[in-house]
Amino acid sequence: MMGPRVVVTGGGGFIGAYLVKRLVHDNWDVAVVDTMIRGDAGRFSEVADQVELFSCDVRDQEALESAFAGAQVVMHLAAINGTENFYKRPELVLDVGLRGALAVVNAGRNAGVPDLVVASTAEVYQTPPVVPTPETVPLTLPNSLNPRYSYGGSKIVSELIAFNYAQEHYRKVQVFRPHNVYGPDMGWKHVIPQFISRAISGSEMNPGKTVPFEIQGDGAETRAFCFVDDIVAGILAMYEHGGHREIYHIGNDEEVTIRELAARVGAALGTDLDIQPGPAAEGGTPRRCPDISKMRALGYKPEVDLDEGLRRTVAWYSEHRGEDVTNELL
């Protein structure tokens, strides 16, 4: 028997598609809102015949009201992600982020949806004053002149919209802040896919030799990468066990330097990389790692360590290297 109805905005995106597949497997009645301009329905092709697809813009409130009808929960993940896009398409990043959040909240209210889950980002902290970082650290917009902060800024406003527009109209409103999610089929404009692609190319150009490999900065920056299956498990644990008007970090607290990440990507490919420092990106954050104790209290525990996650991710990108990526924003 089919379970309750859930609508996932951005269900053709990286995290969204993995979430859609898990929800179908858990017997939810799943609908997806996604224009597929940047998303790809092929990401959830294995369950596509069990998903209702609404090919409407997340900024179209009237269309959303139709899509949301009968839903128990809307999980709003639609956004323009990818660091390269933050710099090159900040206007679109902001437009989809802000107008999309307003449309989703208001459509859910009008459609009588009781629960709302909103995806935020670790970018809301920029350079956090405490690492590992708890959910209580103030949110920061360091420089409105730098387009790098278009995404983080849009997510700060999205959180305000979710908690304030929605506070009297929903049974449960939750925000999750994912930290450095990765995995197969995440797109081509993120650090791990770019490292994989460059390492493969370098190995082909220098067969049997150590591969020169430039990184941004000196490689001392740290991140805590979380495999996408663990993120999805965290979202569902949060929704089931978490509270109303609460914020949760979903991620992994295994911190690694970017230099070490590059070396481990090389190891997963069987390639020795000569890692060389390069110019640092303006607006980069020297250290990022979440405090996930609030999620651990709900029973959440990341299961996939970095080496295993990289092995799976490298295998996918090695197999799909050279595929058409025209659905990615330029």
Side-chain angles (χ1 to χ4, degrees), residues 8-19 33-43 57-60 76-104 118-127 139-159 176-198 215-217 221 223 225-226 228 231 258 278-285 288 313 317 320 323-330:
V8 180
T9 73
F14 171 48
I15 301 174
Y18 277 86
L19 178 60
V33 169
D34 201 314
T35 60
M36 300 302 169
I37 291 173
R38 186 166 186 264
D40 182 358
R43 284 184 166 128
D57 194 301
V58 75
R59 295 165 288 186
D60 185 343
H76 175 44
L77 280 72
I80 304 299
N81 203 344
T83 303
E84 191 171 329
N85 290 321
F86 306 161
Y87 286 104
K88 292 184 176 180
R89 303 294 296 274
E91 183 176 350
L92 183 62
V93 170
L94 287 162
D95 195 61
V96 171
L98 304 185
R99 292 176 59 207
L102 283 169
V104 165
V118 174
S120 183
T121 175
E123 299 272 345
V124 297
Y125 302 118
Q126 303 309 328
T127 302
L139 312 188
T140 305
L141 184 68
N143 179 7
S144 58
L145 294 174
N146 187 340
R148 175 70 177 80
Y149 303 122
S150 57
Y151 183 68
S154 74
K155 288 297 188 180
I156 291 173
V157 177
S158 294
E159 291 192 20
F176 68 94
R177 296 173 182 156
H179 281 64
N180 292 100
V181 191
Y182 74 101
D185 201 8
M186 69 180 295
W188 303 82
K189 295 187 176 183
H190 302 269
V191 60
I192 288 177
Q194 289 181 348
F195 275 14
I196 294 169
S197 180
R198 288 174 49 217
I215 58 175
Q216 289 185 343
E221 288 184 338
R223 296 293 184 267
F225 293 92
C226 189
V228 62
I231 293 290
I258 298 302
E282 184 182 356
T285 300
R288 181 175 289 145
T313 306
Y317 278 95
H320 292 83
E323 289 189 357
D324 184 11
V325 293
T326 55
N327 64 325
E328 297 241 354
L329 291 173
L330 300 178

Quick one: does Y317's side chain get under 4.5 Å of W188's, heavy atoms only? yes
Sorted by chain and number, sequence neighbours left out, salt bridge (charged side-chain N to carboxylate O under 4.0 Å, His left out) with E221 holds for none
Pair L19-L77, side chain to side chain contact (heavy atoms under 4.5 Å, CB included): steps then yes or no: CA-CA 10 Å; L19 178 60; L77 280 72; 4.2 Å; yes
Examine distances only and state if a side-chain atom of T121 and a backbone atom of G152 form a donor-acceptor pair shorter than 3.5 Å. no
Taking all heavy atoms of M36 and all of D40, pick out the closest pair and write down the distance. SD-N, 3.6 Å
Atom of S158, atom of G97 and distance for their closest heavy-atom approach: OG-O, 3.3 Å
Heavy-atom side-chain contact between T313 and I196 under 4.5 Å: yes
Provide the closest heavy-atom pair for F176 versus A119 in the form atom of the first, atom of the second, distance. CZ-CB, 3.4 Å
Does some side-chain heavy atom of T140 sit less than 4.5 Å from a side-chain heavy atom of V124? no
L92 side, atom CG; R38 side, atom CZ - distance, nearest 0.5 Å: 9.5 Å
Please work out whether the ring planes of Y125 and H179 are parallel, tilted or perpendicular, with thresholds of 30° and 60°. tilted
Can you find a pair of side-chain heavy atoms, one from R99 and one from V58, that are under 4.5 Å apart? no
Side-chain heavy-atom pair Y182, I231 within 4.5 angstrom cut-off: no
Is the shortest side-chain N to carboxylate O distance from E123 to R177 below 4.0 Å? no
Is there side-chain contact between P184 and Y18, with at least one heavy-atom pair below 4.5 Å? yes
Any side-chain heavy atom of N143 within less than 4.5 Å of one from R148? no
Minimum heavy-atom separation for I192 to F225, with atom names? CD1-CD2, 3.8 Å
Below 4.5 Å, heavy atoms only, C-beta onward: do N81 and F86 meet side chain to side chain? yes
Any chance you could measure R223, atom CZ, to N180, atom CG, to the nearest 0.5 Å? 6.0 Å
What's the verdict on side chain to side chain contact (heavy atoms under 4.5 Å, CB included) for E159 and L139, showing C-alpha distance, side-chain angles and the deciding distance? CA-CA 11 Å; E159 291 192 20; L139 312 188; 4.0 Å; yes
The criterion is salt bridge (charged side-chain N to carboxylate O under 4.0 Å, His left out); which residues satisfy it with R59, sequence neighbours excluded? D57, D95
Closest non-hydrogen contact found for Y151 with I80 is CD1-O, 3.5 Å
What one should report as the nearest heavy-atom pair of R288 and Q126 is NH2-O, 3.3 Å
